[in-house]
Participant: 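Quick one: structure below, then a few questions.
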Amino acid sequence: MRIATWNVNSVRSRIDRVVGVLERHDLDVLLLQETKCRDDQFPALALEGSGYDYVNHGLNQWNGVGIISRVGIDEVERGFPGMPTYGDPAVAEARALGATCGGVRVWSLYIPNGRELEHDHYRYKLDWLAQLRSVAAGWLADDPKAQIVLAGDWNIAPTDDDVWSVEYYAGRTHTSAPERSAFNGMVDAGFADVVRPHTPGPGVYTYWDYTQLAFPKKRGMRIDFVLGTPALAARVTGASIDREERKGKGASDHAPVIVDLSD
DNA sequence: ATGGTCGTTTTACGA
């Protein structure tokens, strides 16, 4: 089985690239972030007759998470228990979508950006990650053999090797100690980064800003991750980051991250 | 080649 995660940055504007990624990598499951559409706006026509089913969780033009699968989409969950809210009035944003696909419990996650270290959104980000850790640790405690994937745009660069410039990100979000602790907390809870062993850094990124020629200048960050429980990690035979997908007109600012699982 | 932002409910905001 082959699973990928991709912050697509609008599924409507990039549906042709989505279909291309599904075909080129022969994917069984694709987890999408920033679909940026309500469920009724999802470009379903493009998947008709393809053998793929989909589910989207989107409330408006912001955020939005989706799952495309040809191995089933069962037991769909929108958000996770106790997921923190944001704004006034407080809203449970469309940032987490769970489903069982081909026997694996997958979660498409779009972790809050944080914006600035002193911003309310940063506190929201840390609270969101703390609650995710608590809930996910509970799932694993309930079933130590569970095959669970927590994948998506984590908006955290866990190590200095994961950013093009440590100096540039000093004092900004994505590399702060509390954010890195939150990410490491997921790992400590039993969810390993299953991609890094197959794509060692430094200089291996999944995101490049649209501005300032960041991509050709190799100024990126590794912020998109696939984390897996021990039983899931034991099935991983390979992984890759599709840097080619970042090239050309109409690219997302993120690259797909792909994981191969043994049968 | 990979080329000086992009996407949205667009002239503001989030990333």
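Here is how names work: the chains are called A, B, and so on, in the same order as the sequence lines, proteins then strands, and each is numbered from 1. Hydrogens, waters and symmetry mates play no part in the numbers below; they use all other heavy atoms, side chains included.
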Participant: Under 4.0 Å between a Lys/Arg side-chain N and an Asp/Glu carboxylate O for A:D160 and A:R180?
Facilitator: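 Here A:D160 pairs with A:R180 in a salt bridge, since their nearest N and O are under 4.0 Å apart.
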
Participant: Which donor-acceptor pairs under 3.5 Å do side chains of residues 43-52 of chain A form with protein atoms, sequence neighbours excluded?
Facilitator:
from: A:S50; atom 1: OG; to: A:L47; atom 2: O; distance (Å): 2.5
from: A:S50; atom 1: OG; to: A:Y52; atom 2: N; distance (Å): 3.1
from: A:Y52; atom 1: OH; to: A:L27; atom 2: O; distance (Å): 2.5

Participant: Please list, in numerical order, the residues of residues 200-208 of chain A that have a heavy atom closer than 4.0 Å to any atom of DNA chain B.
Facilitator: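 Those residues whose heavy atoms fall under 4.0 Å from DNA chain B, taken from residues 200-208 of chain A, amount to none.
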
Participant: Hey, which of these two, A:E244 or A:V11, hits DNA chain B nearer its 5' end, going by closest nucleotide?
Facilitator: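 Final value for this comparison: A:E244.
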
Participant: Could you tell me whether A:D143 and A:R105 have a side-chain N and a carboxylate O separated by less than 4.0 Å?
Facilitator: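 A:R105 and A:D143: not salt-bridged.
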
Participant: Considering only B:dT9, B:dT5, B:dG7, which nucleotide approaches the side chain of A:R38 most closely?
Facilitator: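 Between B:dT9, B:dT5, B:dG7, the one nearest the side chain of A:R38 would be B:dT9.
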
Participant: Would you indicate which nucleotide in B:dG4, B:dA15, B:dT8 comes nearest to any side-chain atom of A:S13?
Facilitator: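 The closest nucleotide is B:dT8.
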
Participant: Looking only at the side chain of A:P216 (C-beta and beyond, no hydrogens), which of the listed nucleotides B:dT2, B:dT9, B:dG4 gets closest?
Facilitator: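 Closest nucleotide among those given: B:dT2.
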
Participant: Return the set of residues passing side-chain contact (heavy atoms from CB on, under 4.5 Å) with A:T237 (not counting sequence neighbours), or none when no residue passes.
Facilitator: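 Partners of A:T237 by the side-chain contact (heavy atoms from CB on, under 4.5 Å) criterion, ordered by chain and then number, come out as A:D260, A:S262.
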
Participant: Could you list the residues that satisfy side-chain contact (heavy atoms from CB on, under 4.5 Å) with A:T159, not counting sequence neighbours?
Facilitator: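 For A:T159 the side-chain contact (heavy atoms from CB on, under 4.5 Å) partners, ignoring immediate neighbours, are A:D161, A:D162, A:R196.
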
Participant: Taking 4.0 angstrom as the limit, do A:D153 and A:R95 come out as a salt bridge?
Facilitator: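 Answer for the salt bridge query: no.
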
Participant: Taking the P atom in each of B:dT9 and B:dG4, what is the distance between them to the nearest angstrom?
Facilitator: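 About 25 Å, rounded to a whole number of Å.
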
Participant: Tell me who clusters with A:W164, hydrophobic residues only, linked when side chains sit under 4.5 Å apart either directly or through other members.
Facilitator: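 Answer for A:W164: A:V163, A:V166, A:Y168, A:Y169, A:Y205, A:Y207, A:W208, A:F215, A:M221, A:I223.
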
Participant: With 3.5 Å as the limit, what N/O pairs link the protein to nucleotides 10-14 of chain B?
Facilitator:
none

Participant: Does a side-chain heavy-atom distance below 4.5 Å link A:L109 with A:W128?
Facilitator: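 In short, these two side chains touch, coming nearer than 4.5 Å.
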
Participant: Does a distance-only test, which skips hydrogens and angles, find a donor-acceptor pair under 3.5 Å between the side chain of A:Q61 and the base of B:dT8?
Facilitator: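 Counting by modelled atom types and ignoring angles, no donor-acceptor contact under 3.5 Å is found here.
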
